[in-house]
2 protein chains.
Amino acid sequence: MFSLLNMSSADASDLTARARIRDAAIEHFGRHGFKVTIRAIAEKAGVSPGLVMHHFGSKDGLRKACDDHVFEIVHRVKKESVTADPAVSLQHVAHIEEFAPLLAYAVRSFQEGGSVGLALYERMVADIRDYLAAGEAAGRIRPSRDPGKRARWLAESSMGSLLVALSMRPDPDDIDFPLFLREWMEEHMLPLLELYTEGLYTDRQMLDAYLLYVGDPPAGTR
Amino acid sequence: MFSLLNMSSADASDLTARARIRDAAIEHFGRHGFKVTIRAIAEKAGVSPGLVMHHFGSKDGLRKACDDHVFEIVHRVKKESVTADPAVSLQHVAHIEEFAPLLAYAVRSFQEGGSVGLALYERMVADIRDYLAAGEAAGRIRPSRDPGKRARWLAESSMGSLLVALSMRPDPDDIDFPLFLREWMEEHMLPLLELYTEGLYTDRQMLDAYLLYVGDPPAGTR
DNA sequence: CAATAGGCTAAACACGTGTTCAGCCTGCTG
DNA sequence: CAGCAGGCTGAACACGTGTTTAGCCTATTG
(Lines give C-alpha, C1' and ligand atoms only; values in the text may rest on other atoms or scores of the structure.)
Protein backbone atom coordinates (compact mmCIF):
# COMPACT_ATOMS: atom_id res chain seq x y z
CA MET A 1 0.00 0.00 0.00
CA PHE A 2 2.70 2.42 0.98
CA SER A 3 4.79 1.72 -2.04
CA LEU A 4 1.69 1.95 -4.14
CA LEU A 5 0.56 5.33 -2.99
CA ASN A 6 3.77 6.97 -1.91
CA MET A 7 1.66 9.21 0.27
CA SER A 8 2.93 8.27 3.71
CA SER A 9 4.87 11.04 5.40
CA ALA A 10 7.13 8.48 7.05
CA ASP A 11 9.11 7.86 3.88
CA ALA A 12 8.61 11.32 2.46
CA SER A 13 12.27 12.19 2.95
CA ASP A 14 13.26 9.27 0.75
CA LEU A 15 11.42 10.60 -2.26
CA THR A 16 12.90 12.93 -4.77
CA ALA A 17 11.98 16.56 -4.34
CA ARG A 18 9.89 16.39 -7.46
CA ALA A 19 7.79 13.55 -6.05
CA ARG A 20 7.55 15.27 -2.68
CA ILE A 21 6.23 18.43 -4.32
CA ARG A 22 3.71 16.49 -6.34
CA ASP A 23 2.46 14.57 -3.30
CA ALA A 24 2.27 17.71 -1.21
CA ALA A 25 0.31 19.34 -4.01
CA ILE A 26 -2.15 16.45 -4.20
CA GLU A 27 -2.68 16.60 -0.47
CA HIS A 28 -3.11 20.37 -0.40
CA PHE A 29 -5.32 20.49 -3.47
CA GLY A 30 -7.48 17.76 -2.01
CA ARG A 31 -7.81 19.28 1.42
CA HIS A 32 -8.16 22.95 0.54
CA GLY A 33 -9.15 23.05 -3.12
CA PHE A 34 -7.24 24.16 -6.18
CA LYS A 35 -6.85 27.75 -5.12
CA VAL A 36 -4.04 26.88 -2.70
CA THR A 37 -0.90 28.84 -3.38
CA ILE A 38 2.29 27.50 -4.86
CA ARG A 39 4.15 28.93 -1.89
CA ALA A 40 2.03 26.86 0.50
CA ILE A 41 2.70 23.69 -1.45
CA ALA A 42 6.41 24.46 -1.60
CA GLU A 43 6.53 25.01 2.14
CA LYS A 44 4.67 21.75 2.79
CA ALA A 45 7.22 19.96 0.63
CA GLY A 46 10.10 21.73 2.40
CA VAL A 47 11.21 23.40 -0.78
CA SER A 48 11.42 26.83 -2.37
CA PRO A 49 8.65 28.10 -4.63
CA GLY A 50 11.13 28.45 -7.42
CA LEU A 51 11.85 24.74 -7.42
CA VAL A 52 8.21 24.01 -8.11
CA MET A 53 8.49 26.05 -11.27
CA HIS A 54 11.80 24.45 -12.10
CA HIS A 55 10.27 20.97 -12.05
CA PHE A 56 6.78 21.62 -13.38
CA GLY A 57 7.09 24.79 -15.41
CA SER A 58 3.90 26.36 -14.11
CA LYS A 59 1.06 25.83 -11.70
CA ASP A 60 -0.96 24.26 -14.50
CA GLY A 61 1.94 21.94 -15.16
CA LEU A 62 1.91 20.90 -11.52
CA ARG A 63 -1.83 20.37 -11.68
CA LYS A 64 -1.39 18.25 -14.78
CA ALA A 65 1.27 16.12 -13.09
CA CYS A 66 -1.06 15.57 -10.13
CA ASP A 67 -3.87 14.66 -12.49
CA ASP A 68 -1.74 12.09 -14.25
CA HIS A 69 -0.46 10.62 -11.00
CA VAL A 70 -3.89 10.29 -9.43
CA PHE A 71 -5.37 8.81 -12.54
CA GLU A 72 -2.53 6.35 -12.93
CA ILE A 73 -2.84 5.16 -9.32
CA VAL A 74 -6.59 4.80 -9.55
CA HIS A 75 -6.08 2.79 -12.71
CA ARG A 76 -3.48 0.55 -11.05
CA VAL A 77 -5.51 0.00 -7.89
CA LYS A 78 -8.61 -0.79 -9.86
CA LYS A 79 -6.82 -3.34 -12.00
CA GLU A 80 -5.41 -4.94 -8.85
CA SER A 81 -8.73 -5.09 -7.07
CA VAL A 82 -10.26 -6.80 -10.07
CA THR A 83 -7.57 -9.42 -10.54
CA ALA A 84 -6.32 -9.94 -7.00
CA ASP A 85 -7.88 -12.12 -4.34
CA PRO A 86 -10.60 -10.67 -2.10
CA ALA A 87 -8.19 -10.24 0.80
CA VAL A 88 -6.36 -7.49 -1.08
CA SER A 89 -9.59 -5.69 -1.87
CA LEU A 90 -10.58 -5.79 1.76
CA GLN A 91 -7.23 -4.34 2.68
CA HIS A 92 -7.95 -1.44 0.35
CA VAL A 93 -11.31 -0.74 1.92
CA ALA A 94 -9.92 -1.09 5.42
CA HIS A 95 -7.20 1.48 4.79
CA ILE A 96 -9.36 4.25 3.39
CA GLU A 97 -7.11 6.69 5.20
CA GLU A 98 -4.26 5.85 2.85
CA PHE A 99 -6.40 6.60 -0.19
CA ALA A 100 -8.02 9.64 1.33
CA PRO A 101 -5.72 12.21 -0.31
CA LEU A 102 -6.38 10.65 -3.70
CA LEU A 103 -10.13 10.55 -3.12
CA ALA A 104 -10.14 14.10 -1.83
CA TYR A 105 -8.26 15.21 -4.93
CA ALA A 106 -10.74 13.37 -7.14
CA VAL A 107 -13.69 14.98 -5.37
CA ARG A 108 -12.15 18.42 -5.84
CA SER A 109 -11.76 17.57 -9.50
CA PHE A 110 -15.44 16.68 -9.72
CA GLN A 111 -16.23 19.93 -7.98
CA GLU A 112 -14.24 22.03 -10.39
CA GLY A 113 -14.57 19.99 -13.54
CA GLY A 114 -11.02 19.42 -14.67
CA SER A 115 -9.98 16.76 -17.15
CA VAL A 116 -9.36 14.15 -14.45
CA GLY A 117 -12.73 14.83 -12.95
CA LEU A 118 -14.39 14.18 -16.25
CA ALA A 119 -12.32 11.11 -17.05
CA LEU A 120 -12.88 9.59 -13.63
CA TYR A 121 -16.55 10.39 -13.83
CA GLU A 122 -17.02 8.72 -17.21
CA ARG A 123 -15.18 5.69 -15.94
CA MET A 124 -17.38 5.63 -12.86
CA VAL A 125 -20.52 5.75 -14.96
CA ALA A 126 -19.24 2.89 -17.10
CA ASP A 127 -18.39 0.85 -14.01
CA ILE A 128 -21.81 1.38 -12.51
CA ARG A 129 -23.47 0.44 -15.79
CA ASP A 130 -21.47 -2.78 -15.97
CA TYR A 131 -22.18 -3.56 -12.34
CA LEU A 132 -25.90 -3.01 -12.82
CA ALA A 133 -25.95 -5.10 -15.99
CA ALA A 134 -24.27 -7.96 -14.15
CA GLY A 135 -26.74 -7.62 -11.28
CA GLU A 136 -29.61 -7.55 -13.74
CA ALA A 137 -28.36 -10.72 -15.40
CA ALA A 138 -28.13 -12.34 -11.99
CA GLY A 139 -31.65 -11.22 -11.14
CA ARG A 140 -30.63 -8.95 -8.28
CA ILE A 141 -31.22 -5.66 -10.09
CA ARG A 142 -34.42 -4.55 -11.77
CA PRO A 143 -34.19 -3.84 -15.48
CA SER A 144 -34.36 -0.26 -16.70
CA ARG A 145 -35.88 1.31 -19.80
CA ASP A 146 -32.56 3.12 -20.29
CA PRO A 147 -29.64 1.52 -18.41
CA GLY A 148 -27.21 4.19 -19.60
CA LYS A 149 -29.23 7.06 -18.21
CA ARG A 150 -29.87 5.15 -15.02
CA ALA A 151 -26.17 4.57 -14.45
CA ARG A 152 -25.49 8.23 -15.11
CA TRP A 153 -28.18 9.31 -12.68
CA LEU A 154 -26.87 7.02 -9.95
CA ALA A 155 -23.31 8.24 -10.43
CA GLU A 156 -24.36 11.87 -10.54
CA SER A 157 -26.63 11.72 -7.54
CA SER A 158 -24.21 9.92 -5.25
CA MET A 159 -21.16 11.97 -6.24
CA GLY A 160 -23.28 15.08 -6.14
CA SER A 161 -24.57 14.34 -2.70
CA LEU A 162 -20.98 14.16 -1.58
CA LEU A 163 -20.30 17.55 -3.14
CA VAL A 164 -23.28 19.20 -1.49
CA ALA A 165 -22.42 17.68 1.87
CA LEU A 166 -18.93 19.05 1.36
CA SER A 167 -20.11 22.55 0.53
CA MET A 168 -22.50 22.64 3.48
CA ARG A 169 -19.70 22.02 5.97
CA PRO A 170 -18.72 24.83 8.32
CA ASP A 171 -15.37 25.17 6.53
CA PRO A 172 -15.41 23.50 3.12
CA ASP A 173 -11.86 24.65 2.46
CA ASP A 174 -10.29 22.52 5.17
CA ILE A 175 -11.72 19.04 5.31
CA ASP A 176 -10.67 15.91 7.13
CA PHE A 177 -11.61 13.61 4.32
CA PRO A 178 -11.68 10.21 6.04
CA LEU A 179 -13.86 11.62 8.79
CA PHE A 180 -16.04 13.37 6.26
CA LEU A 181 -16.52 10.15 4.29
CA ARG A 182 -17.42 8.17 7.37
CA GLU A 183 -19.99 10.71 8.48
CA TRP A 184 -21.46 10.85 5.02
CA MET A 185 -21.95 7.09 4.82
CA GLU A 186 -23.32 7.01 8.34
CA GLU A 187 -25.86 9.67 7.43
CA HIS A 188 -27.02 8.34 4.07
CA MET A 189 -26.69 4.58 4.06
CA LEU A 190 -30.15 3.96 5.48
CA PRO A 191 -32.24 6.22 3.23
CA LEU A 192 -30.20 5.12 0.24
CA LEU A 193 -30.85 1.44 0.84
CA GLU A 194 -34.47 2.11 1.67
CA LEU A 195 -34.96 3.99 -1.56
CA TYR A 196 -33.12 1.43 -3.65
CA THR A 197 -35.06 -1.55 -2.29
CA GLU A 198 -38.49 -0.14 -1.57
CA GLY A 199 -38.78 2.87 -3.83
CA LEU A 200 -40.52 6.07 -2.83
CA TYR A 201 -43.96 6.06 -4.39
CA THR A 202 -46.68 3.55 -3.55
CA ASP A 203 -48.16 3.63 -7.02
CA ARG A 204 -47.04 4.04 -10.63
CA GLN A 205 -49.00 7.20 -11.31
CA MET A 206 -46.07 9.59 -11.77
CA LEU A 207 -43.98 7.22 -13.85
CA ASP A 208 -46.84 6.21 -16.12
CA ALA A 209 -47.87 9.81 -16.61
CA TYR A 210 -44.32 10.67 -17.66
CA LEU A 211 -44.08 7.71 -19.98
CA LEU A 212 -47.30 8.79 -21.67
CA TYR A 213 -45.99 12.33 -21.91
CA VAL A 214 -42.81 11.32 -23.70
CA GLY A 215 -44.76 9.07 -26.03
CA ASP A 216 -43.67 5.72 -24.64
CA PRO A 217 -46.86 4.27 -23.21
CA PRO A 218 -46.42 2.11 -20.12
CA ALA A 219 -46.96 -1.59 -20.57
CA GLY A 220 -50.59 -2.70 -20.59
CA THR A 221 -51.94 0.65 -21.66
CA ARG A 222 -53.23 -0.27 -25.08
CA MET B 1 -43.40 38.64 -12.74
CA PHE B 2 -41.23 41.46 -13.99
CA SER B 3 -41.97 43.72 -11.08
CA LEU B 4 -41.35 40.81 -8.78
CA LEU B 5 -37.94 39.91 -10.06
CA ASN B 6 -36.66 43.16 -11.44
CA MET B 7 -34.34 41.13 -13.62
CA SER B 8 -35.59 42.12 -17.03
CA SER B 9 -33.12 44.19 -18.99
CA ALA B 10 -35.96 46.12 -20.60
CA ASP B 11 -36.60 48.23 -17.52
CA ALA B 12 -33.01 48.14 -16.33
CA SER B 13 -32.55 51.83 -17.03
CA ASP B 14 -35.43 52.65 -14.72
CA LEU B 15 -33.77 51.14 -11.69
CA THR B 16 -31.46 52.99 -9.40
CA ALA B 17 -27.78 52.37 -10.02
CA ARG B 18 -27.58 50.46 -6.77
CA ALA B 19 -30.27 48.04 -7.91
CA ARG B 20 -28.72 47.75 -11.35
CA ILE B 21 -25.38 46.84 -9.83
CA ARG B 22 -26.95 44.27 -7.57
CA ASP B 23 -28.90 42.68 -10.41
CA ALA B 24 -25.86 42.64 -12.67
CA ALA B 25 -23.90 41.02 -9.86
CA ILE B 26 -26.54 38.32 -9.36
CA GLU B 27 -26.54 37.59 -13.06
CA HIS B 28 -22.75 37.49 -13.33
CA PHE B 29 -22.24 35.50 -10.14
CA GLY B 30 -24.84 33.01 -11.31
CA ARG B 31 -23.48 32.62 -14.80
CA HIS B 32 -19.74 32.66 -14.12
CA GLY B 33 -19.33 31.91 -10.43
CA PHE B 34 -18.25 34.12 -7.55
CA LYS B 35 -14.78 34.76 -8.86
CA VAL B 36 -16.06 37.33 -11.38
CA THR B 37 -14.38 40.67 -10.99
CA ILE B 38 -15.95 43.81 -9.62
CA ARG B 39 -14.86 45.59 -12.76
CA ALA B 40 -16.84 43.14 -14.91
CA ILE B 41 -19.95 43.65 -12.80
CA ALA B 42 -19.52 47.41 -12.92
CA GLU B 43 -19.19 47.33 -16.69
CA LYS B 44 -22.30 45.17 -17.03
CA ALA B 45 -24.20 47.66 -14.92
CA GLY B 46 -22.82 50.56 -16.95
CA VAL B 47 -21.09 52.03 -13.95
CA SER B 48 -17.62 52.66 -12.58
CA PRO B 49 -15.95 50.17 -10.24
CA GLY B 50 -15.69 52.86 -7.61
CA LEU B 51 -19.46 53.20 -7.44
CA VAL B 52 -19.79 49.57 -6.51
CA MET B 53 -17.61 50.22 -3.49
CA HIS B 54 -19.50 53.41 -2.76
CA HIS B 55 -22.79 51.55 -2.51
CA PHE B 56 -21.73 48.23 -1.03
CA GLY B 57 -18.49 48.96 0.79
CA SER B 58 -16.71 45.85 -0.42
CA LYS B 59 -17.10 42.82 -2.64
CA ASP B 60 -18.31 40.86 0.36
CA GLY B 61 -20.86 43.57 1.00
CA LEU B 62 -22.10 43.21 -2.56
CA ARG B 63 -22.27 39.47 -2.18
CA LYS B 64 -24.23 39.91 1.03
CA ALA B 65 -26.69 42.25 -0.67
CA CYS B 66 -27.18 39.69 -3.45
CA ASP B 67 -27.69 36.97 -0.89
CA ASP B 68 -30.36 38.96 0.90
CA HIS B 69 -32.11 39.91 -2.32
CA VAL B 70 -32.19 36.36 -3.68
CA PHE B 71 -33.35 34.95 -0.40
CA GLU B 72 -36.06 37.56 -0.03
CA ILE B 73 -37.41 36.93 -3.54
CA VAL B 74 -37.39 33.19 -3.08
CA HIS B 75 -39.26 33.71 0.15
CA ARG B 76 -41.84 35.95 -1.50
CA VAL B 77 -42.34 33.69 -4.51
CA LYS B 78 -42.70 30.67 -2.31
CA LYS B 79 -45.31 32.32 -0.15
CA GLU B 80 -47.22 33.34 -3.27
CA SER B 81 -47.10 29.92 -4.80
CA VAL B 82 -48.47 28.42 -1.62
CA THR B 83 -51.35 30.84 -1.19
CA ALA B 84 -52.18 31.72 -4.77
CA ASP B 85 -54.28 29.72 -7.16
CA PRO B 86 -52.66 27.00 -9.29
CA ALA B 87 -52.66 29.22 -12.36
CA VAL B 88 -50.03 31.44 -10.77
CA SER B 89 -47.83 28.48 -9.91
CA LEU B 90 -48.06 27.27 -13.47
CA GLN B 91 -47.05 30.69 -14.67
CA HIS B 92 -43.96 30.45 -12.50
CA VAL B 93 -42.97 27.11 -13.95
CA ALA B 94 -43.69 28.29 -17.47
CA HIS B 95 -41.40 31.30 -17.12
CA ILE B 96 -38.35 29.55 -15.79
CA GLU B 97 -36.28 31.93 -17.87
CA GLU B 98 -37.27 34.80 -15.62
CA PHE B 99 -36.15 32.94 -12.53
CA ALA B 100 -33.05 31.51 -14.10
CA PRO B 101 -30.61 34.14 -12.76
CA LEU B 102 -31.93 33.56 -9.27
CA LEU B 103 -31.68 29.80 -9.62
CA ALA B 104 -28.23 30.02 -11.11
CA TYR B 105 -27.14 32.19 -8.19
CA ALA B 106 -28.60 29.69 -5.74
CA VAL B 107 -26.82 26.80 -7.43
CA ARG B 108 -23.52 28.69 -7.27
CA SER B 109 -24.20 29.22 -3.57
CA PHE B 110 -24.72 25.51 -3.09
CA GLN B 111 -21.51 24.90 -4.97
CA GLU B 112 -19.46 27.23 -2.83
CA GLY B 113 -21.28 26.94 0.46
CA GLY B 114 -22.12 30.47 1.43
CA SER B 115 -24.71 31.43 3.99
CA VAL B 116 -27.53 31.60 1.44
CA GLY B 117 -26.61 28.24 0.09
CA LEU B 118 -26.92 26.75 3.53
CA ALA B 119 -30.11 28.58 4.39
CA LEU B 120 -31.78 27.68 1.09
CA TYR B 121 -30.62 24.11 1.48
CA GLU B 122 -32.05 23.73 4.96
CA ARG B 123 -35.30 25.21 3.79
CA MET B 124 -35.33 22.82 0.85
CA VAL B 125 -34.79 19.86 3.13
CA ALA B 126 -37.64 21.01 5.36
CA ASP B 127 -39.93 21.49 2.36
CA ILE B 128 -39.17 18.03 1.04
CA ARG B 129 -39.75 16.53 4.46
CA ASP B 130 -43.14 18.23 4.74
CA TYR B 131 -44.04 17.23 1.21
CA LEU B 132 -43.14 13.61 1.87
CA ALA B 133 -45.03 13.59 5.17
CA ALA B 134 -48.14 14.88 3.44
CA GLY B 135 -47.73 12.27 0.72
CA GLU B 136 -47.26 9.60 3.31
CA ALA B 137 -50.43 10.65 5.11
CA ALA B 138 -52.26 10.53 1.79
CA GLY B 139 -50.88 7.08 1.09
CA ARG B 140 -48.90 8.12 -1.98
CA ILE B 141 -45.46 7.95 -0.36
CA ARG B 142 -43.96 4.96 1.40
CA PRO B 143 -43.07 5.47 5.06
CA SER B 144 -39.41 5.69 6.06
CA ARG B 145 -37.54 4.54 9.14
CA ASP B 146 -36.02 8.00 9.32
CA PRO B 147 -37.97 10.64 7.37
CA GLY B 148 -35.47 13.38 8.23
CA LYS B 149 -32.52 11.53 6.80
CA ARG B 150 -34.53 10.51 3.77
CA ALA B 151 -35.50 14.09 3.04
CA ARG B 152 -31.88 15.14 3.42
CA TRP B 153 -30.70 12.41 1.08
CA LEU B 154 -33.24 13.34 -1.59
CA ALA B 155 -32.32 17.02 -1.38
CA GLU B 156 -28.62 16.30 -1.45
CA SER B 157 -28.73 13.84 -4.29
CA SER B 158 -30.89 15.94 -6.59
CA MET B 159 -29.07 19.21 -5.91
CA GLY B 160 -25.78 17.38 -6.09
CA SER B 161 -26.62 15.79 -9.41
CA LEU B 162 -27.18 19.28 -10.72
CA LEU B 163 -23.77 20.35 -9.43
CA VAL B 164 -21.97 17.44 -10.99
CA ALA B 165 -23.74 17.93 -14.29
CA LEU B 166 -22.69 21.55 -14.08
CA SER B 167 -19.04 20.75 -13.42
CA MET B 168 -18.90 18.21 -16.21
CA ARG B 169 -19.92 20.77 -18.81
CA PRO B 170 -17.36 21.85 -21.38
CA ASP B 171 -17.21 25.33 -19.83
CA PRO B 172 -18.68 25.34 -16.30
CA ASP B 173 -17.82 29.03 -15.94
CA ASP B 174 -20.22 30.22 -18.60
CA ILE B 175 -23.57 28.47 -18.45
CA ASP B 176 -26.89 29.11 -20.12
CA PHE B 177 -28.92 28.15 -17.10
CA PRO B 178 -32.39 27.66 -18.62
CA LEU B 179 -30.94 25.45 -21.34
CA PHE B 180 -28.87 23.60 -18.77
CA LEU B 181 -31.91 22.97 -16.58
CA ARG B 182 -33.98 21.70 -19.47
CA GLU B 183 -31.27 19.29 -20.59
CA TRP B 184 -30.80 18.08 -17.05
CA MET B 185 -34.49 17.27 -16.61
CA GLU B 186 -34.64 15.67 -20.04
CA GLU B 187 -31.72 13.46 -19.13
CA HIS B 188 -32.74 12.41 -15.63
CA MET B 189 -36.51 12.41 -15.39
CA LEU B 190 -36.90 8.84 -16.56
CA PRO B 191 -34.32 7.09 -14.34
CA LEU B 192 -35.43 9.22 -11.43
CA LEU B 193 -39.08 8.23 -11.74
CA GLU B 194 -38.13 4.62 -12.40
CA LEU B 195 -36.04 4.51 -9.28
CA TYR B 196 -38.62 6.25 -7.15
CA THR B 197 -41.49 3.98 -8.19
CA GLU B 198 -39.82 0.64 -8.78
CA GLY B 199 -36.65 0.78 -6.73
CA LEU B 200 -33.38 -0.73 -7.82
CA TYR B 201 -33.00 -4.07 -6.06
CA THR B 202 -35.29 -7.03 -6.58
CA ASP B 203 -34.89 -8.29 -3.03
CA ARG B 204 -34.39 -6.91 0.48
CA GLN B 205 -31.02 -8.53 1.07
CA MET B 206 -28.86 -5.39 1.20
CA LEU B 207 -31.30 -3.39 3.30
CA ASP B 208 -31.92 -6.18 5.79
CA ALA B 209 -28.21 -6.86 6.12
CA TYR B 210 -27.61 -3.20 6.90
CA LEU B 211 -30.46 -3.05 9.38
CA LEU B 212 -29.00 -6.07 11.18
CA TYR B 213 -25.57 -4.45 11.13
CA VAL B 214 -26.77 -1.26 12.78
CA GLY B 215 -28.70 -3.24 15.37
CA ASP B 216 -32.19 -2.56 14.11
CA PRO B 217 -33.45 -5.96 12.97
CA PRO B 218 -35.82 -5.88 9.98
CA ALA B 219 -39.44 -6.68 10.67
CA GLY B 220 -40.23 -10.40 10.94
CA THR B 221 -36.69 -11.39 11.92
CA ARG B 222 -37.34 -12.50 15.48
C1' DC C 1 41.79 18.56 -10.57
C1' DA C 2 38.90 21.48 -13.46
C1' DA C 3 34.72 21.83 -15.75
C1' DT C 4 30.10 21.13 -16.38
C1' DA C 5 25.22 20.07 -15.40
C1' DG C 6 21.50 20.16 -12.77
C1' DG C 7 19.01 20.57 -8.25
C1' DC C 8 17.99 24.37 -5.64
C1' DT C 9 17.34 29.17 -3.47
C1' DA C 10 16.40 34.13 -2.69
C1' DA C 11 15.04 38.07 -4.66
C1' DA C 12 12.82 40.61 -7.98
C1' DC C 13 9.21 41.20 -11.44
C1' DA C 14 4.51 41.43 -13.63
C1' DC C 15 0.04 41.62 -13.25
C1' DG C 16 -4.74 41.15 -11.80
C1' DT C 17 -7.85 42.70 -8.50
C1' DG C 18 -9.97 44.72 -4.28
C1' DT C 19 -9.87 49.06 -2.35
C1' DT C 20 -9.01 54.06 -1.54
C1' DC C 21 -8.93 58.88 -2.78
C1' DA C 22 -9.57 63.46 -4.64
C1' DG C 23 -12.61 65.75 -6.94
C1' DC C 24 -16.58 66.52 -10.48
C1' DC C 25 -21.41 67.15 -11.48
C1' DT C 26 -26.25 67.68 -10.35
C1' DG C 27 -30.12 68.69 -7.95
C1' DC C 28 -32.09 70.16 -3.76
C1' DT C 29 -32.46 73.64 0.00
C1' DG C 30 -32.10 77.78 2.77
C1' DC D 1 -28.41 82.64 -5.96
C1' DA D 2 -24.99 80.18 -2.91
C1' DG D 3 -23.93 76.20 -0.72
C1' DC D 4 -24.16 71.62 0.29
C1' DA D 5 -24.97 66.56 0.02
C1' DG D 6 -24.61 62.70 -2.39
C1' DG D 7 -24.22 59.96 -6.71
C1' DC D 8 -20.52 59.14 -9.49
C1' DT D 9 -15.84 58.85 -11.94
C1' DG D 10 -10.87 57.99 -13.09
C1' DA D 11 -6.65 57.30 -11.34
C1' DA D 12 -3.73 55.65 -7.95
C1' DC D 13 -2.57 52.33 -4.32
C1' DA D 14 -1.74 47.86 -1.87
C1' DC D 15 -1.20 43.38 -1.99
C1' DG D 16 -1.26 38.52 -3.16
C1' DT D 17 0.38 35.34 -6.33
C1' DG D 18 2.38 33.15 -10.57
C1' DT D 19 6.54 33.56 -12.82
C1' DT D 20 11.44 34.88 -14.03
C1' DT D 21 16.22 35.48 -13.14
C1' DA D 22 20.85 35.35 -11.42
C1' DG D 23 23.55 32.69 -9.13
C1' DC D 24 24.97 29.03 -5.45
C1' DC D 25 26.21 24.35 -4.26
C1' DT D 26 27.18 19.58 -5.11
C1' DA D 27 28.19 15.68 -7.59
C1' DT D 28 29.65 13.58 -11.69
C1' DT D 29 32.84 13.29 -15.51
C1' DG D 30 36.81 13.73 -18.63
Side-chain angles (χ1 to χ4, degrees), chain A residues 6 11-69 105 108-109 112 114-115 171-174, chain B residues 6 11-69 105 108-109 112 114-115 171-174:
Chain A
N6 285 138
D11 58 357
S13 54
D14 298 347
L15 300 172
T16 66
R18 194 190 140 91
R20 260 185 302 134
I21 294 171
R22 186 202 54 210
D23 289 352
I26 291 177
E27 239 182 284
H28 256 55
F29 283 148
R31 184 174 186 94
H32 307 291
F34 291 113
K35 66 178 199 293
V36 285
T37 187
I38 278 195
R39 286 170 174 83
I41 293 170
E43 189 185 8
K44 177 88 175 183
V47 130
S48 77
L51 190 61
V52 178
M53 305 304 295
H54 176 71
H55 279 303
F56 299 96
S58 68
K59 191 179 184 179
D60 277 347
L62 174 60
R63 173 82 189 276
K64 182 72 167 46
C66 293
D67 280 3
D68 292 345
H69 192 239
Y105 185 93
R108 294 289 184 189
S109 293
E112 175 153 313
S115 63
D171 188 354
D173 289 347
D174 183 8
Chain B
N6 285 137
D11 56 357
S13 53
D14 298 347
L15 300 173
T16 66
R18 194 190 141 91
R20 259 185 301 133
I21 295 172
R22 185 202 54 210
D23 289 351
I26 290 177
E27 239 183 286
H28 255 55
F29 282 148
R31 184 174 186 94
H32 307 292
F34 291 112
K35 64 178 199 295
V36 285
T37 187
I38 279 194
R39 284 171 175 81
I41 294 170
E43 189 186 5
K44 178 89 177 183
V47 130
S48 77
L51 190 61
V52 178
M53 307 302 296
H54 176 70
H55 279 303
F56 299 96
S58 68
K59 191 179 184 179
D60 276 347
L62 174 60
R63 173 83 190 275
K64 181 73 166 45
C66 294
D67 280 3
D68 292 346
H69 191 237
Y105 186 93
R108 293 290 184 189
S109 293
E112 176 155 310
S115 63
D171 189 352
D173 288 347
D174 184 9

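What you see below is based on every heavy atom in this structure, not just the backbone, and it leaves out hydrogens, waters and symmetry mates.
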May I have the distance from [X] (atom [atom1]) to [N] (atom [atom2]), rounded to whole angstrom?
{"X": "A/Leu51", "N": "D/dC24", "atom1": "CG", "atom2": "C1'", "answer": "14 Å"}
{"X": "B/Glu43", "N": "D/dT9", "atom1": "CD", "atom2": "C1'", "answer": "15 Å"}
{"X": "B/His55", "N": "D/dG6", "atom1": "NE2", "atom2": "C1'", "answer": "9 Å"}
{"X": "A/Phe56", "N": "D/dG18", "atom1": "CZ", "atom2": "P", "answer": "15 Å"}
{"X": "B/Ile41", "N": "C/dG16", "atom1": "CD1", "atom2": "P", "answer": "18 Å"}
{"X": "B/His54", "N": "D/dG7", "atom1": "NE2", "atom2": "C1'", "answer": "5 Å"}

Protein within reach of the bases, or only the backbone? For nucleotides 18-29 of chain C, mark each nucleotide 5' to 3' as B, S or -, using heavy atoms under 4.0 Å. BBB---------
Less than 4.5 Å apart, any side-chain heavy atom of B/Arg39 and any of B/Val52? no
Parallel, tilted or perpendicular: which describes the rings of A/Tyr105 and A/Phe34, with under 30° parallel and over 60° perpendicular? perpendicular
Using atom types as modelled and distance alone, determine if a side-chain donor or acceptor of [X] lies under 3.5 Å from a backbone N or O of [Y].
{"X": "A/Arg22", "Y": "A/Leu62", "value": "no"}
{"X": "B/Ser58", "Y": "B/Gly61", "value": "yes"}
{"X": "B/His28", "Y": "B/Ile41", "value": "no"}

Between A/Asp68 and A/Lys64, does any side-chain N to carboxylate O distance fall below 4.0 Å?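 Yes, this pair counts.
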